[in-house]
There are 2 protein chains.
Amino acid sequence: MVTLSEENYLKAIYHLGKQGTLSVSTNAIAEKVSSKASSVTDMIKKLADKNLANYTRYQGVSLTNEGRLAAALVIRKHRLWEVFLVNKLNFSWDEVHEVAEQLEHVKSLKLVNELDAFLEFPTHDPHGDPIPDKNGNHSPIKSISIFDIDAGNQGILSFVKDSTDVFLKYLNKNKLALGDTIKVLDFEPFDNSLTIETKSQKMIISKEVAQNLYLSI
Amino acid sequence: MVTLSEENYLKAIYHLGKQGTLSVSTNAIAEKVSSKASSVTDMIKKLADKNLANYTRYQGVSLTNEGRLAAALVIRKHRLWEVFLVNKLNFSWDEVHEVAEQLEHVKSLKLVNELDAFLEFPTHDPHGDPIPDKNGNHSPIKSISIFDIDAGNQGILSFVKDSTDVFLKYLNKNKLALGDTIKVLDFEPFDNSLTIETKSQKMIISKEVAQNLYLSI
DNA sequence: TTAAATTTTTAGTCTTACCTAAAAATATTT
DNA sequence: AAATATTTTTAGGTAAGACTAAAAATTTAA
Ligand SMILES: [Mn+2]
Ligand SMILES: [Mn+2]
Ligand SMILES: [Mn+2]
Ligand SMILES: [Mn+2]
C-alpha cells in the first residue's frame with residue numbers, strides 16, 4: 001500500500017526529473033513538497049524499500065518503473081478530477097488545483113476509469129497538461145512557448161506552464177484562455193516583451209508571461 | 001481543523017445516539033470505528049477540547065451543536081457522493097460505501113454544494129438514507145419496517161437499514177430494489193417469516209430481512 | 001589541492017493515532 | 001451489602017511523518 005504522503009513524494013520526483021527518469025536532489029524534493037531535506041531522506045529510504053525509487057546515498061533519487069507508474073496514476077487522477085470540476089461543477093481553472101490535490105488520493109480503480117468515461121476520455125486537463133492513460137502513458141507536449149515564436153507567426157493557446165492561481169487570474173483578467181488563437185506581432189529587445197494579438201484585442205506581455213504560454217502551431 | 005480520524009469519530013457518535021444527542025458508550029464507539037476503548041477515550045478528550053463533544057469521565061459522550069453540525073456535513077458529503085457514484089458513474093448500490101468513506105473527507109464547501117446542484121439536490125442516497133442540507137438538517141425517516149406491517153397492507157420500498165454489501169447483494173439476487181411496491185401477504189408465527197409480493201414475484205423473507213426493509217405507506 | 005561552502009545524512013524529538021496491560025470506577029449478582 | 005463482573009480510564013509504548021541541530025560527504029573556490 002502506498003500512503004498519501006508517499007504518493008506526494010512520488011509525484012514530486014516524477015515532475016522534477018523527466019517523469020522520474022532523471023536523478024533529482026533531496027533539496028529539490030524538499031522544496032516541492034514543502035518539507036525539509038532530512039524528512040525527504042527518510043521518505044526516500046522508504047520508497048526505495050518498497051521498490052518505488054532508486055536511491056544511493058548522496059546520489060539523488062529516480063523512480064523505478066513501478067514508482068513511475070504509481071506516480072503517473074496519481075497524476076492521471078489529479079487531472080481527471082480537474083476536468084470534472086471545471087466541466088461539470090462550474091469551477092474555474094484557478095480554483096481546481098487544491099481540491100484535486102485531495103481527490104487524487106482516493107483509491108478505487110473503478111472510480112478513475114468510470115470518471116474517465118463519464119468525462120468522455122479527455123486527453124488534457126484545464127491547464128493543457130496531458131492526462132496519462134491507465135498504463136501511465138501520454139502523448140508528449142508538442143506545443144512551444146510564445147517566447148520562442150517569431151513575430152508574424154500564430155498558434156492556439158494550448159498549455160500554461162505555470163498553473164498557480166495568481167498566474168491563472170492574470171490570464172482571466174486579460175481575457176486569455178486555452179483555445180484562443182494568438183498571433184505574435186512584435187518582439188521588444190529592450191525588455192524582452194512581446195506584442196500579441198487575439199480575436200478581441202492587442203496587448204503587450206512580459207517575458208515572464210510569454211515563457212508560460214504555449215501555442216500549438 | 002477537524003482531522004479525518006476525528007470526522008470518523010464524530011460520525012460514529014452521531015449515528016449511535018440520536019444524531020449525537022444521546023450519550024453513547026466508549027465501547028460502542030470503539031466497535032463502530034474498529035478501534036479499542038482506550039483509543040476512544042483519547043479521541044473523546046480531543047473532541048471535547050475542541051468543543052465538538054460533551055464529555056465527563058465514565059458518563060459517555062454526546063455531541064455539541066458544533067459537533068453535530070460537523071458530523072452531519074460529513075454524512076451529507078458521504079451520501080451525495082454515493083448518489084454521484086450510482087447515478088453518474090455506473091456503480092451499483094453495494095459498491096459505493098467504501099469509496100464514499102474516502103470522498104466524504106475531501107474539504108471544499110464549493111465542491112459539496114456544486115455536487116449537490118449537479119445531482120439536482122437529491123434528498124436521499126441510494127440506500128434511502130436522507131441527505132442532510134447545508135445546515136445539517138434532514139426530514140425524519142417516516143417509513144416503517146416491513147416486519148411491523150400487518151398482512152394485507154402494502155407500500156413502497158424506500159429505505160434499507162442494513163447497507164452492508166452482503167445484504168445489498170441478497171436484495172440484488174432477489175430482485176428487490178428501492179422504489180418497488182411490496183405487499184405483505186402473510187406472517188408465519190413459527191419462524192417469524194413473511195410472505196411478500198412484488199410486481200414480478202411472490203417470495204418468503206426471514207425476520208432478519210424484514211427488519212431491514214422499510215416501506216413508505 | 002587545500003579550504004570553504006553547500007548539500008545530504010544522521011541523531012534525537014515531537015505529534016497523531018493507534019495499541020496492550022493494569023488500575024479505577026461503575027454495574028450486576030449473589 | 002458484599003463480591004464479582006464489566007466498563008472505562010490511565011500509564012506506557014509503537015509507527016508514521018514531520019522537525020532541528022549536528023555530523024558527514026560532496027562540490028566549489030581559492
Ligand atoms: Mn493541478
Ligand atoms: Mn492541472
Ligand atoms: Mn455508505
Ligand atoms: Mn448510504
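Predicted model only: the values in this text are computed from it and were never measured.
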Whole angstrom value for the distance that separates C1' of dT8(D) from CD1 of Ile44(B):
9 Å
Would you mind telling me which of dT10(C), dA18(D), dC18(C) lies closest to the side-chain atoms of Arg57(A)?
dT10(C)
Check every atom of dT8(D), dT8(C), dC19(C) against the side chain of Lys36(B) and return the nucleotide holding the closest atom.
dC19(C)
Applying a 4.0 Å non-hydrogen cut-off, can you work out what Ser39(A) is touching in the nucleic acid: base, sugar-phosphate, or nothing?
base
Winner on side-chain proximity to Ser25(A), out of dC18(C), dT8(C), dT10(C), is dT8(C)
Can you check whether any acceptor in the base of dT20(C) is under 3.5 Å from a donor in the side chain of Ser38(B), or vice versa?
yes
Under 4.0 Å between a side-chain N/O of Tyr55(B) and OP1 or OP2 of dT9(D), yes or no?
yes
Think Ser5(A) has a side-chain N or O under 4.0 angstrom from the OP1 or OP2 of dA18(D)?
yes
Separation of dA21(D) C1' from Asp42(A) CG (nearest whole Å):
15 Å
When rounded to whole Å, the CD to C1' distance for the pair Glu7(B) and dT16(C) reads 15 Å
Are Tyr58(B) and dT6(D) close enough that a side-chain N or O sits under 4.0 Å from OP1 or OP2?
no
Would you indicate, yes or no, if dT6(C) has its OP1 or OP2 atom less than 4.0 angstrom from a side-chain nitrogen or oxygen of Asn27(A)?
no
Are more than 12 heavy atoms from other residues, nucleotides or ligands located less than 6.0 Å from atom CD of Glu31(A)?
no
For Gln59(A) and dA25(D), give me the distance from atom CD to atom C1', rounded to whole Å.
10 Å
Can you tell me how the ring of Trp81(B) sits relative to the ring of Trp81(A), calling it parallel under 30°, perpendicular over 60° and tilted otherwise?
perpendicular
Taking atom C1' of dT16(C) as reference, at what distance in whole Å does atom CE of Met43(B) sit?
8 Å
Asp49(A) CG to dA15(D) P, in whole Å, measures 15 Å
Mark yes or no: Lys88(B) above the aromatic ring of Phe118(B), with NZ or CZ under 6.0 Å from the six-membered ring centre and no more than 45 degrees from the axis.
yes
CG of Asn8(B) versus P of dT16(C): gap in Å, rounded?
17 Å
Is any side-chain N of the basic residue among Glu98(B) and Lys110(A) closer than 4.0 Å to the acidic one's carboxylate O?
no
Would you classify Thr41(B) as touching base, sugar-phosphate or nothing, given that sugar-phosphate means primed atoms plus P, OP1 and OP2, and contacts are heavy atoms under 4.0 Å?
base
Write down the distance between CD (Glu31(A)) and P (dT8(C)), rounded to a whole number of angstrom.
13 Å
Do any N or O atoms from the side chain of Lys50(B) and from the backbone of Met1(B) form a donor-acceptor pair under 3.5 angstrom?
yes
